[in-house]
Amino acid sequence: MSVYTGLTDGQIRTLRIEPWSEATQEVRCELSVASLSDQPEYFALSYTWGLPSPGYRYDEVFLATHAPLLIGQQIQDDAAGNEAEPPQTDNTILCNGTRVQVARNLYDFLRHCSKHPDAALRGPLWVDALSIDQSNLPERSHQVHQMAEIYKAASHVVVWLGRESPLTTYAVDLITALASASTEERRLQAHPSMLSSDRTHKLSDLRNWIALAEFYERTWFSRAWIIQEVTFARQLTVLCGSHIISWKDLTDVSHFLATSVWTNYFKDPTKLGTGNNTSPRWHNMPARLAATRKTWHSDSKDGLLYALIRARKSNCQDPRDKVYSQLRLGNADIFPSYKVSVAEVYIRAAKYILENTDNLLLLTAVEGPNFQTLPNLPSWVPDWSVTRVLGLGVTGYYSFNAAGSEARTFSTKEDAKKHILSVKAVRVASIADAAETKEEIEDFSKPTRLWTMLAELEETYMTGESREEVLWRTLMTNRSNESHSVQVQYPAAKANLHASFQAWVEWQYLVASKKCSQCSYPVRTTSDSILPTPERIAEIIEQSNQNPGFDAVLANSAALFQTHYSHAMLLRPFRTGNRLLGLGSQSLRKDDSVWLVPGCRVPLVFRSVEGTTEYRLIGGAYVHGIMDGQLLEKGKLDFEMVDLI
């Protein structure tokens with residue numbers, strides 16, 4: 001027998017949980033129908049359908065493999081008494097008198113609420129998995145369409161991160177300590193170089209930081225839907241097992257981690273982990289959510305595109321929800337349908353963005369063939385199911401204006417089952433050389449193509465800068481944020497970054513020397529070049545061997561450039577036939593071409609389709625010296641209509 005009766009427009013179902021009974025030993029609840037127009041009082045749940053953490057375990061195997069790593073026996077003893085109930089294998093609840101199977105994480109939440117002394121946690125609650133008849137596609141579409149209203153109308157949004165792990169207590173303690181610490185205390189005590197296992201200070205206790213890293217691996221942080229759920233919440237309560245965490249503390253700590261040297265530690269899976277950990281950490285997500293809560297109501301016509309770009313890294317069980325979860329954040333008039341394919345959802349969203357904005361910034365969000373996963377998706381339509389951080393890592397590209405004030409011209413059509421986008425564009429140059437990817441360059445054992453390409457540039461670039469300066473500016477898109485403020489500086493300030501780049505090259509060679517015996521060295525063509533000679537690199541290696549503190553000093557000098565360099569990594573430098581230096585998608589290759597497209601603030605890379613006059617879009621690019629409309633200032637350009645498929 002179904003637990004559901006039909007809903008009309010504006011209606012929702014809410015849940016009431018009965019107090020836990022030792023006699024029945026089961027979760028019992030009742031669903032009832034409410035109308036949003038009646039302004040009902042209820043809490044809305046924000047959680048993840050899957051496991052709360054990758055490989056989440058509560059059993060003896062978990063403790064045996066993780067606890068010994070965590071600095072001593074004490075944490076194992078502590079963990080043994082933490083959340084000691086045996087893992088639940090039967091996730092069946094009784095709903096409206098009918099037995100219903102729910103996901104493990106939801107069962108844990110319902111069981112937690114049934115035992116909680118605060119009756120408000122027992123309902124009324126709106127819980128998507130139970131409040132929506134998931135087997136009824138029309139109902140699912142209508143409920144998803146009004147999801148924003150559901151979370152806006154809730155008196156409270158309860159975030160359930162999952163049951164606590166053996167380390168949660170230490171993570172929560174560190175969050176509280178960091179949130180209450182002064183800037184000076186954070187600087188002196190909360191720094192990677194200060195980490196210690198002697199536990200003399202909470203802010204420098206290695207155990208606490210390992211626990212915090214595990215905390216930010218929780219799956220909730222990765223969900224695309226949470227952006228909307230948190231943004232529209234009137235009030236937020238964060239639960240992790242028995243722990244209640246302040247949302248303000250969580251966002252304050254997230255901002256600190258995202259804007260300090262800690263961000264590289266948390267991005268590196270070999271740091272603060274078990275040694276074989278590959279799970280992503282979402283330490284910057286609460287800060288991003290806090291920013292979205294302040295800015296989502298912008299009147300910008302680019303709202304949907306910006307929301308999709310912000311949600312790029314986030315995950316959804318149904319890839320169509322990568323678009324549907326962001327519709328209200330972008331004030332988009334699109335009705336969600338689960339009867340159409342993922343590709344069709346993405347194509348419709350792309351056309352909607354093109355038709356409802358006054359630019360072509362959509363084209364900068366494509367990922368190129370190396371990353372696109374959906375078959376038969378037009379090259380000009382972003383594949384939102386790809387969760388890697390792609391492109392130049394800049395939302396809006398407001399610093400740049402490569403195509404000047406030239407008005408955009410575009411049209412779309414379908415021809416022989418192809419979706420064609422025609423745009424007005426002018427060809428700038430062909431790509432003559434493509435260097436290693438930024439990830440490969442960072443390895444620094446053999447950046448052969450990079451150094452060869454650099455040597456082939458003019459000694460003095462068209463901007464009047466040296467080729468080395470042009471290189472470091474290009475590698476970080478010539479934008480800087482040394483004080484971690486909201487305001488980004490363009491062009492990047494030279495004083496500190498120029499010296500930091502020099503230290504960065506030396507540091508990278510020092511690290512590479514420990515991994516391989518032979519390296520490719522820079523080609524120095526001028527006596528005042530800031531690039532190191534083989535002799536200088538040998539001297540650095542010798543100093544490292546003789547002075548234990550040398551490595552840390554050099555790494556600190558290189559940190560400023562490294563932070564800017566690592567902002568967007570899935571890119572590769574390139575040189576054009578007319579000796580311009582650029583940075584674009586990892587997917588680009590020799591003989592691709594660079595174009596200016598009115599309506600798009602950055603140049604685009606196209607690839608010709610053999611035997612046709614059509615092109616495929618590879619992605620956006622930074623090309624040093626032409627990002628402010630310099631080519632248009634030089635004279636009339638011959639624009640043409642180009643077909644992208």
Side-chain angles (χ1 to χ4, degrees), residues 302 305 308-309 312 343 346-355 357 359-386 388-397 400 402-403 406 408-431 434 568 570-572 574 576 582-623 626 639-645:
D302 298 305
L305 177 60
L308 289 168
I309 292 172
R312 182 120 222 187
Y346 292 176
I347 292 169
R348 288 180 182 180
K351 289 182 177 180
Y352 178 91
I353 291 169
L354 290 173
E355 292 164 1
T357 59
N359 56 62
L360 295 176
L361 288 178
L362 171 81
L363 306 184
T364 66
V366 303
E367 53 286 314
N370 289 19
F371 302 100
Q372 191 179 78
T373 59
L374 284 178
N376 304 318
L377 195 67
S379 68
W380 53 273
V381 175
D383 182 353
W384 300 112
S385 67
V386 177
R388 305 188 72 180
V389 179
L390 300 165
L392 303 178
V394 184
T395 301
Y397 296 98
F400 309 125
E406 190 80 16
R408 72 169 184 172
T409 301
F410 82 95
S411 63
T412 60
K413 63 180 179 180
E414 290 186 48
D415 181 20
K417 297 185 178 180
K418 291 189 296 187
H419 292 269
I420 300 173
L421 173 67
S422 299
V423 295
K424 182 170 75 171
V426 61
R427 185 189 184 104
V428 173
S430 292
I431 293 179
L570 300 180
L571 301 166
R572 71 167 77 241
F574 63 86
T576 67
L583 184 71
S585 168
Q586 232 175 247
S587 299
L588 68 81
R589 65 191 186 201
K590 183 180 178 182
D591 296 327
D592 288 345
S593 48
V594 179
W595 297 69
L596 294 183
V597 179
C600 193
R601 298 189 183 106
V602 299
L604 299 176
V605 177
F606 295 169
R607 179 172 299 159
S608 61
V609 178
E610 189 175 356
T612 74
T613 58
E614 299 168 331
Y615 290 84
R616 293 189 183 279
L617 175 59
I618 305 303
Y622 172 89
V623 182
I626 70 167
F639 286 92
E640 59 183 290
M641 294 303 295
V642 177
D643 287 345
L644 301 174
I645 62 170

Residues which pass ring pair (Phe, Tyr, Trp, His ring centres under 6.0 Å) with Phe400, listed by chain and number, not counting sequence neighbours: Tyr490, Tyr622

Leu362 and Thr357, any side-chain heavy atoms less than 4.5 Å apart: no

Residues, nucleotides or ligands: over 12 heavy atoms within 6.0 Å of Arg427 CZ: yes

Polar side-chain atom of Ser587 near backbone of Asn370 as donor-acceptor pair, under 3.5 Å: yes

Backbone of Ala365 reached by a side-chain donor or acceptor of Arg312 within 3.5 Å: yes

Close side-chain approach of Ile645 and Arg616, heavy atoms under 4.5 Å: yes

Heavy-atom pair with the smallest gap, counting every atom of Phe371 and Val386: O-CG2, 3.3 Å

Beyond-backbone contact of Tyr346 with Ser385, side-chain heavy atoms, under 4.5 angstrom: yes

CG on Asp415 to CD on Glu614, rounded to 0.5 Å: 7.5 Å

Student check: side-chain heavy atoms of Ile626 and Pro603 closer than 4.5 Å: yes

Minimal non-hydrogen separation, Gly620 against Val602, with atom names: CA-CG2, 4.3 Å

Side chain to side chain contact (heavy atoms under 4.5 Å, CB included) partner of Val597, the single match among Leu604, Asn359, Leu617, Val426: Leu604

Straight-line distance of Thr412 OG1 to Leu644 CG, nearest 0.5 Å: 12.0 Å

Exam field: side chain Arg607 to backbone Asp592, donor-acceptor pair closer than 3.5 Å: no

Check: Glu367 side chain, Asp383 main-chain N or O, donor-acceptor pair, under 3.5 Å: yes

Reported CG-to-CZ distance for the pair Leu360 and Phe410, which is rounded to 0.5 angstrom: 7.0 Å

Arg572 to Ala434 - nearest heavy-atom pair and separation: CD-CB, 3.9 Å

Closest contact, heavy atoms only, Leu377 versus Pro382: CD2-O, 3.9 Å

Rounded distance [0.5 Å steps], NZ in Lys351 versus CD1 in Ile353: 13.0 Å

Note, Ser379 side chain near Val366 side chain (heavy atom, < 4.5 Å): no

Step-by-step side-chain contact (heavy atoms from CB on, under 4.5 Å) determination, Val389 to Leu570: CA-CA 7 Å; Val389 179; Leu570 300 180; 5.8 Å; no

For Trp380, ring pair (Phe, Tyr, Trp, His ring centres under 6.0 Å) partners two or more places apart: none

Test side-chain contact (heavy atoms from CB on, under 4.5 Å) applied to Arg601 and Leu361, step by step: CA-CA 7 Å; Arg601 298 189 183 106; Leu361 288 178; 3.2 Å; yes

Over all atoms of both residues, closest heavy-atom pair of Ile618 and Leu588: CG2-N, 3.8 Å

Heavy-atom closest contact (Leu392 atom, Ala621 atom, distance): CD1-C, 3.8 Å

Inter-residue atom distance Thr373.OG1 - Trp384.CH2, 0.5 Å rounding: 13.0 Å

Beyond-backbone contact of Ile420 with Pro378, side-chain heavy atoms, under 4.5 angstrom: no

Gap separating the CD1 atom of Ile347 from the CG atom of Asn376, nearest 0.5 angstrom: 9.0 Å

Validation row: Val623, Val428 side chains within 4.5 angstrom (heavy atoms): no

Student check: side-chain heavy atoms of Val381 and His419 closer than 4.5 Å: no

Tyr615 and Phe606 aromatic ring geometry - parallel, tilted or perpendicular at 30°/60° bounds: tilted

